[in-house]
**Q** 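This is the structure I have questions about; it appears just below.
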2 protein chains.
Amino acid sequence: MNEREPAVTRKSGVALWRQIADQIRQAIGAGTLGADGRLPTEIALSERFGVNRHTLRSAIAALVQEGVLRAEQGRGTFVESRQKLSYPISARTRFSTGLREQTRERRSILLADALEPASVRVAEALGLAPEAPVIRLETLSEADGRPVSRATSWFNAERFPGFAQVYAETGSITLGFQYFGISDYFRKSTLVSARHADTADLADLKLSAGAIVLVARAINVDPAGVPVQYAETRFVADRVELSVSTEA
Amino acid sequence: MNEREPAVTRKSGVALWRQIADQIRQAIGAGTLGADGRLPTEIALSERFGVNRHTLRSAIAALVQEGVLRAEQGRGTFVESRQKLSYPISARTRFSTGLREQTRERRSILLADALEPASVRVAEALGLAPEAPVIRLETLSEADGRPVSRATSWFNAERFPGFAQVYAETGSITLGFQYFGISDYFRKSTLVSARHADTADLADLKLSAGAIVLVARAINVDPAGVPVQYAETRFVADRVELSVSTEA
DNA sequence: TTCGTTTGTATAGAACAATAGACAAATAAC
DNA sequence: GTTATTTGTCTATTGTTCTATACAAACGAA
């Protein structure tokens, strides 16, 4: 068997330039393209993908817009940013930790909060009665000034009244729990899936249509095993991978 | 904050009918559409998405082709298959186990095998010298007659000579290892990412372009902690979610 | 300067995607 | 049988995407 060549599919509902942009972005991440910081010429790439040079230019234009590439007339096209962030998923690790060595600047933003009755899914995850009051937090995480994830979290409103304000002041879920006397908490289970970003995610994460998000649905429990947080986090698939360590 | 409405983005490189098909497929999986097994009428859906009925029909046609929907003239459009398979990822669970209750018929197919020198990534994962001989297995997994995952696995060729034949006869990695005296093995680490399916995956997994695959890159070790298998598995994101249990 | 290389711009035609309106065919209820 | 509802088919028009060809502008080296 030969190594599979990158290729494109016609009349599939996805424009050729977008398919090519996705493949170039992926190849850069994998290091199979632009490993020396420089992309092959437009003519070479257009021949490689079997499309017209203009089609390939559309793909490059999209990646320049995203900040992945930088094109200089007369010189060539260059890789602007490469590495993927790796988010550890394990019982004792928070999403936000373990990233300190990977990125310079990192922050979380509270977009919105609400008090609402629990949906079936949320009630089940938190072990509450349906329609029980829960606090919902909408947060955005950035690394090096770029959005990397968008999360929706739910908390038992009776046990954690005013959690949103505490979070807004501390900027940390961990510190928020400490305020309520929970010294430590554990990730019980995580469901990972992937889908195309919806319009809300596209706006918040500053993505272009067709982008992919990794979705992690997690239940966190206190030391007694009682669920304290249910969170649905959408990660930008191009910039993030999830690392599951299952050591004994 | 209101519940976000499904919406579509124009001239984004992704055709409207494909965006709509993705959203319908996702809504069916989430149970927010066709929960009673029946889809709203074409006219109702076209108004909901703000497109012409013909555009919406293209989306439905794609989902019928995928086997997600079934349209009957004069009666309506119905959901053909709904539930997502949930693959557990933990230290002691194989990918293939834990699915027995979820699906009736399940099988693995050996597509191809090869003896080759290890790439940098494979050598690093298996703890071998670069260019060391490794056996590569290309496998396809089906559940209920439908492809759900496509895996590429590498094994140390010196330690497991003829592994491909053993696998072909037994149809199981676990039994293959037992043949070589390894009674048990453990998942050491897993990296999860997501991307658009490439053309090879599109063909093997019978997907249409633009489809998403969940990629799990895993290292399995024997009881002594020595790496015995490195695998890159691509799951059909529409049909699978990965379940990470991080209990103490 | 001169030349070859590379990205940027322009124009026109072909292929595909989306809209619009009209009608046919099958189904279910009356 | 009649009617309303729903999916299936057809034709025409407009906008977007892709191709083809040509040339301009910037860069680097001889």
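The analysis underlying the following values was restricted to heavy atoms, covering all of them including side chains, and did not include hydrogens, waters or symmetry mates. Letters A, B, ... are given to chains in the order of the sequence lines, protein chains preceding strands, and every chain is numbered from 1. Model, not experiment: these values are computed from the prediction.
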**Q** Take the protein atom CZ of B:Phe78 and the nucleotide atom P of D:dT7, then report the distance between them rounded to whole Å.
**A**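 After rounding, the reported distance stands at 8 Å.
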**Q** The side chain of A:Thr55 lies closest to which of these nucleotides: D:dT7, D:dT19, D:dT17?
**A**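 The answer is D:dT19.
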**Q** Roughly, in whole Å, what's the span from CD in A:Glu47 to C1' in D:dT19?
**A** 15 Å
**Q** Tell me which residues in residues 38-46 of chain B put a heavy atom below 4.0 Å from DNA chain D, sorted by number, or none.
**A**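 Within this stretch, B:Thr41, B:Glu42 sit under 4.0 Å of the strand.
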**Q** Rounded to whole Å, how long is the line connecting atom CG of A:Leu16 with atom P of D:dT16?
**A**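 Answer to the nearest Å: 18 Å.
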**Q** Could you check whether B:Arg234 and B:Thr152, counting side-chain N and O atoms only, form a donor-acceptor pair closer than 3.5 Å?
**A** yes
**Q** For residues 57-64 of chain A, which residues have at least one heavy atom under 4.0 Å from DNA chain C?
**A** A:Arg57
**Q** How sharply is the helix from C:dT1-D:dA30 to C:dC30-D:dG1 bent, taking the axes over five pairs at either end and rounding to 10 degrees?
**A** 30°
**Q** Is any side-chain heavy atom of B:Val79 closer than 4.5 Å to one of B:Leu69?
**A**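 Touching, per the 4.5 Å side-chain cut-off.
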**Q** Would you mind reading off the distance between A:Leu69 atom CG and C:dT7 atom C1', rounded to a whole angstrom?
**A** 13 Å
**Q** Can you list the steps and then say if B:Ile173 with B:Phe155 is a side chain to side chain contact (heavy atoms under 4.5 Å, CB included)?
**A** CA-CA 11 Å; B:Ile173 299 283; B:Phe155 306 84; 3.8 Å; yes
**Q** Which residues pass the side-chain hydrogen bond (donor to acceptor under 3.5 Å, both in side chains) test with B:Ser153, not counting sequence neighbours?
**A**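 In terms of side-chain hydrogen bond (donor to acceptor under 3.5 Å, both in side chains), with neighbours along the sequence ignored, B:Ser153 is linked to B:Gln229.
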**Q** To the nearest Å, how far apart are B:Arg70 CZ and D:dT7 P?
**A** 13 Å
**Q** Look at the side chain of A:Ser58 and the backbone N and O of A:His54, then say whether any donor-acceptor pair between them is shorter than 3.5 Å.
**A**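 Here the side-chain-to-backbone pair exists.
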**Q** Which one of A:Val192, A:Val213, A:Val148, A:Leu242 satisfies the side chain to side chain contact (heavy atoms under 4.5 Å, CB included) criterion with A:Phe235?
**A** A:Leu242
**Q** Ignoring hydrogens and angles, state whether a donor on the side chain of A:Thr139 or A:Ser108 is under 3.5 Å from an acceptor on the partner side chain.
**A**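 Side chains of A:Thr139 and A:Ser108: no pair found under 3.5 Å.
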**Q** Residues two or more places apart in sequence or in another chain: which of them pass side-chain hydrogen bond (donor to acceptor under 3.5 Å, both in side chains) with B:Ser46?
**A**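 Partners of B:Ser46 under the side-chain hydrogen bond (donor to acceptor under 3.5 Å, both in side chains) test: none.
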**Q** Specify the separation, in whole Å, of atom CH2 of A:Trp17 and atom P of D:dC18.
**A** 8 Å
**Q** Please give, in whole Å, the distance from C:dA18 P to B:Phe49 CZ?
**A** 14 Å
**Q** Does the pair B:Arg53/B:Glu47 count as a salt bridge with the N-to-O cut at 4.0 Å?
**A** no
**Q** If you measure from the Lys or Arg side-chain nitrogens to the Asp or Glu carboxylate oxygens, is any gap between B:Arg195 and B:Asp201 under 4.0 Å?
**A** yes
**Q** Determine whether the side chains of B:Glu232 and B:Trp154 contain a donor N or O and an acceptor N or O closer than 3.5 Å.
**A**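 Not at all, the side chains of B:Glu232 and B:Trp154 share no donor-acceptor pair under 3.5 Å.
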**Q** Do you know which of A:Val68, A:Ile20, A:Thr77 makes side chain to side chain contact (heavy atoms under 4.5 Å, CB included) with A:Ile60?
**A**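 Passing option: A:Thr77.
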**Q** Classify every nucleotide of nucleotides 21-30 of chain C by which part a protein heavy atom approaches to under 4.0 Å, writing B for the base, S for the sugar-phosphate alone and - for neither, in 5'-to-3' order.
**A** B---BBBS--
**Q** For B:Glu124, is the CD atom crowded, meaning more than 12 foreign heavy atoms sit under 6.0 Å from it?
**A** no
